[in-house]
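This report concerns only the one structure given below.
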Protein chains: 2
Amino acid sequence: MKQVPVNQTEVTLLLDDSSVPLYVQLYRYMKQQISAGHWLHASRLPSVRRLAELLGISTTPIEMAYQQLLAEGFIASKPRSGYFVQWLADVPFALPVESAYPKGPILKRHHYFKYDFHMSKNEYEYFPMTEWRKAYNRCLQENSTADMLFYGDPQGEEGLRCQIANYAKHFRGVACTPEQVIIGSDPFPLLDLISRLLLPYGKSIAVENPCYPQQPEVFRQKGYDVIPIPVLEDGISQHELQSSGAAFVTVSPSHQFPTGVIMPISRRLALLQWAQETGGFIIEDDADGEFRYYGRPIPSLQGLMPDSRVIYLGGFSQVLSPALGVKYMILPKVLLPDYHRLKFQLFLDCTASKLNQMTLERFLREGYVERHLRKMRMILRRKHDRLIGSIQRHFGEHAQISGTGSGFHLMLHLNHPLSEEDLQTLAEARGIRVSSAAYTRMLPANEQSGSDRRSFILGFGGLKEDEIEAGIERLADCWLGAVSL
Amino acid sequence: MKQVPVNQTEVTLLLDDSSVPLYVQLYRYMKQQISAGHWLHASRLPSVRRLAELLGISTTPIEMAYQQLLAEGFIASKPRSGYFVQWLADVPFALPVESAYPKGPILKRHHYFKYDFHMSKNEYEYFPMTEWRKAYNRCLQENSTADMLFYGDPQGEEGLRCQIANYAKHFRGVACTPEQVIIGSDPFPLLDLISRLLLPYGKSIAVENPCYPQQPEVFRQKGYDVIPIPVLEDGISQHELQSSGAAFVTVSPSHQFPTGVIMPISRRLALLQWAQETGGFIIEDDADGEFRYYGRPIPSLQGLMPDSRVIYLGGFSQVLSPALGVKYMILPKVLLPDYHRLKFQLFLDCTASKLNQMTLERFLREGYVERHLRKMRMILRRKHDRLIGSIQRHFGEHAQISGTGSGFHLMLHLNHPLSEEDLQTLAEARGIRVSSAAYTRMLPANEQSGSDRRSFILGFGGLKEDEIEAGIERLADCWLGAVSL
DNA sequence: ATGGATTTGTCCGTATGTATG
DNA sequence: TCATACATACGGACAAATCCA
């Protein structure tokens, strides 16, 4: 602790030998003094040499601290004369020294689930974080700062779009050029864009029932007529689609959510023909198409026909991580002029971070994505098998399973006097998180009420392989024991 | 090469011992045969064993090929009976061909500008890239991988929202709690969200004229009546706003774009009162409020009154870099229930990358943002002064300047017989990029036509300080020399 | 019609070359 | 370098469907 006179004021300057560099300590201290108004405007700071002597250190840290203060405008330099405080002390411009807000995240109250069968969960421990960090760092080092930090291509970085076109072709059988790829951070902005793009072509859209309700909601909010069409054993009912008169349709042919139905080739072609004949468009949601555990992945609907009228939606949330925020869609060529017009009109900018985009491009190019995908597919397959085995062991003939073989979830059906809601609550009380299929159904109110068949969506990504057995055992115990069946 | 009879048809099946697995060769061949219509619907395929014997291989590859065809719907299985072709041969569809698209990025043609006065440009060389990298790396190392990579808070990470609330309070005088902060990647998703939020409250919105056209466009597309209100010397015309009957209004009171007008306190209070009385909402766009070069920064409109009916829009595009993709808005408390309902309904997820959010939180907490902001303010002030001096020197009394003192641009006006468009083209031909103010004006078509007053927006962020003089000299030379004024 | 033989889809254990770490 | 695990392929077993004397 040393006493250093600055101008007329005696001040106390504490230098410790912590890990914080000397010049940073000096800089912080002086900034604090100036901004708090302790050092008045235009007062002269001690010279570099003098202060160094007083503190018993070299002149270098002093110079660095002064330079920093200079760059930020706290002080001004008069060459061969001295440094002078530039702060206007009467401005009550409090520095954000101590924030009144809590530093850490505020505690959220949420259940802790010992067994989490939520379908969006996954084990992210396997993500090649070190490689990602290295790729990120190399991106920042190898590109010029200005290039990295300025606005990017509103459609998504071109290099990444090339890689995605390549990836989608290779892994999903999607036929497209990089010009057709649009990158976004999240399904919502892309869906919203689609809903704007299609507006001139029609106002009614058919959706699968049951389905994930986001797409219907987005279109409904945009003023579309949303027409639910039942999903049969081989996908959306072609007959009802035809007679509905809908202009568009959303489907998930590779692994329908939540039923898990795979649309056979004949139905796919019929769908494409429907689009061709009516001038409609098909929105193909392909969330988990990469994850097929037996046989080869089923190629996308989009690639079945050259220049098909399909908008393909894919992403890396499942393959890598949702935190990267990279989704993409592949537009049919006929829609590209509309897209460019809209982009211009609305000053659209890419919602995905440019830094992440460039890192991901590298990741794809250097084969990390492919490698990680294979690894995850293997891990998930084991969990998938384990889950099925566990259900069979512990539920026996009380339960039926459907929608297996790919993706991150399957469906479990059982007959039970209690409602789906009650069963879900019961499970949660025992620390098991599981969704009933209720939220995916668009019902004419009273349809399912007569039956006592209950359906649940069981995700197997979030649990460790050797937790699955115990989780299902507890679930069976809790449900089958609740009422004598 | 082996001859294999399928049903009645003799077909030729070529099996080579390339690296392609047998079952894949089989699968491909059969898929091709079926989709080309050579094998008719409902015809029976040779049994697994029989085909295996004929081909002289084991049954496994046959089984695998059949399984794949089964999954894709080309064939159907009747257990213990046989496999049957499911193809409808009269649908003439081509299978996906190899699409040829260039792997590398396609060359874009774009002008090179020696002097770029575009307003969104900035010198990103000063960005503390090394510190950012370190912060990013520490984020990844210190947090558990699973936490980092799973879905984040749809509203934005809580820690970052705390830091932003703090930052906005200290640097912009915004009064809010972290609960009011909504994070997004880009103005558009946030504006879109606002336009949805406000729908129940009214259908007409007043906008400043001139202004940046994105906001009017977004609201117009959502079906709002957009009412342009002229910007006077002290901001948007209160009188016309009152009589317009608009439910909402968008303003940029700290540094109006493009005029640079600063709204005085009396007018701000009147605006707040207007909102209070009519039950309307004010959207405050505060793009460059942090950058005020003389006198004290002008606190935001939002913070003038507790619980004011103001939606505040801010971001880090200017302060740090647009590539990080972090924008935020601060909602008035009365709108929070609506927001949460909408968030739930549309399954909204945060459009800003979680990794970047967490890094930015660190950056804010550790004071890097503040330091960088001060430094940039200093640098930009020098450029600002330099630009004004240069214009005065080279244009003399031919030009008038307005909208100075903050932000990243000023306006230059001059009387000239050539149109703004022609002048812009002239400048571009000399390697100077400069925008006329035309695109910011919403005109009743013929308003400005009589006058020969021309207005341009000159951004000073993109040039180095010592390039400005030469750029303006060339601009003056090119414009003033074009026609004798 | 019928019962036994045969065919057939399906399932399972295992061997080998190869890629991964 | 070595160990592991996976993709591919093989041979065999089971039970249901089909066929036939």
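Values reported hereafter were calculated over all heavy atoms of this structure, with side chains retained and with hydrogens, waters and symmetry mates removed. This one's a predicted model, so the numbers in the text were calculated from it and none came from an experiment. Chain letters run A, B, ... following the sequence lines, proteins first and then strands; every chain starts at 1.
Within the 3.5 Å criterion, the main-chain N or O of A:A175 finds no donor-acceptor partner in the side chain of A:K169.
Between A:M411 and A:T259, the shortest heavy-atom distance links the atoms SD-CA, 3.7 Å.
Across all strands, A:R382 comes closer than 4.0 Å only to sugar-phosphate atoms, never to a base (heavy-atom distances). Residue A:K375 is classed as having no contact, given no heavy-atom separation below 4.0 Å to the nucleic acid. Nucleic acid contact for B:Y66: none, since no nucleic acid atom lies under 4.0 Å from a heavy atom of the residue.
With rounding to whole Å, A:E465 atom CD is found 13 Å from D:dA5 atom C1'. Regarding B:Y23, its OH atom lies at a distance of 7 Å from the C1' atom of D:dA7, rounded to whole Å. With rounding to whole Å, B:I62 atom CD1 is found 11 Å from D:dA9 atom C1'. Here the C1' atom of nucleotide D:dA7 and the CE atom of A:M378 are 13 Å apart, to the nearest Å. One atom, CG of A:L380, and another, C1' of D:dC6, lie 16 Å apart when rounded to the nearest Å. Spacing between atom OH of A:Y294 and atom P of D:dT8 amounts to 14 Å, rounded to whole angstrom units. One interatomic measurement links the two molecules: CG of B:L26 to P of D:dT8, which rounds to 13 Å at whole-angstrom precision.
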Practice problem: Step by step, work out the ring pair (Phe, Tyr, Trp, His ring centres under 6.0 Å) result for A:F456 and A:W479. | Solution: CA-CA 12 Å; A:F456 294 88; A:W479 282 355; 4.4 Å; yes
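The side-chain heavy atoms of B:T60 and B:L22, taken from C-beta on, include no pair separated by under 4.5 Å.
Applying the side-chain hydrogen bond (donor to acceptor under 3.5 Å, both in side chains) rule to pairs touching residues 288-305 of chain A yields A:Y167-A:E290, A:H255-A:D288, A:Y294-A:D385, A:R296-B:Y23, sequence neighbours excluded.
For A:F408 and A:H384, the ring centers sit 6.0 Å or farther from each other. The aromatic ring centroids of B:Y66 and B:Y27 lie 6.0 Å or more from each other.
Both A:R296 and B:P79 lie near DNA chain D, and the one whose nearest nucleotide falls closer to the 5' end is A:R296.
Stacking of B:K78 on the aromatic ring of B:F84 is recorded, both the 6.0 Å distance cut-off and the 45° axial limit being met.
Salt bridge present: A:R382 and A:E465 bring a charged side-chain N and a carboxylate O closer than 4.0 Å.
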Can you pull every protein N or O that's under 3.5 Å from an N or O on nucleotides 10-15 of chain D?
from: D:dC10; atom 1: OP2; to: B:S58; atom 2: N; distance (Å): 2.8
from: D:dC10; atom 1: OP2; to: B:S58; atom 2: OG; distance (Å): 2.6
from: D:dC10; atom 1: O5'; to: B:S58; atom 2: OG; distance (Å): 3.2
from: D:dC10; atom 1: N4; to: B:T60; atom 2: OG1; distance (Å): 3.0
from: D:dA13; atom 1: N6; to: B:R49; atom 2: NH1; distance (Å): 3.1

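With a cutoff of under 4.0 Å to any heavy atom of chain B, the contacted region of DNA chain C is bounded 5' to 3' by C:dT8 to C:dC11.
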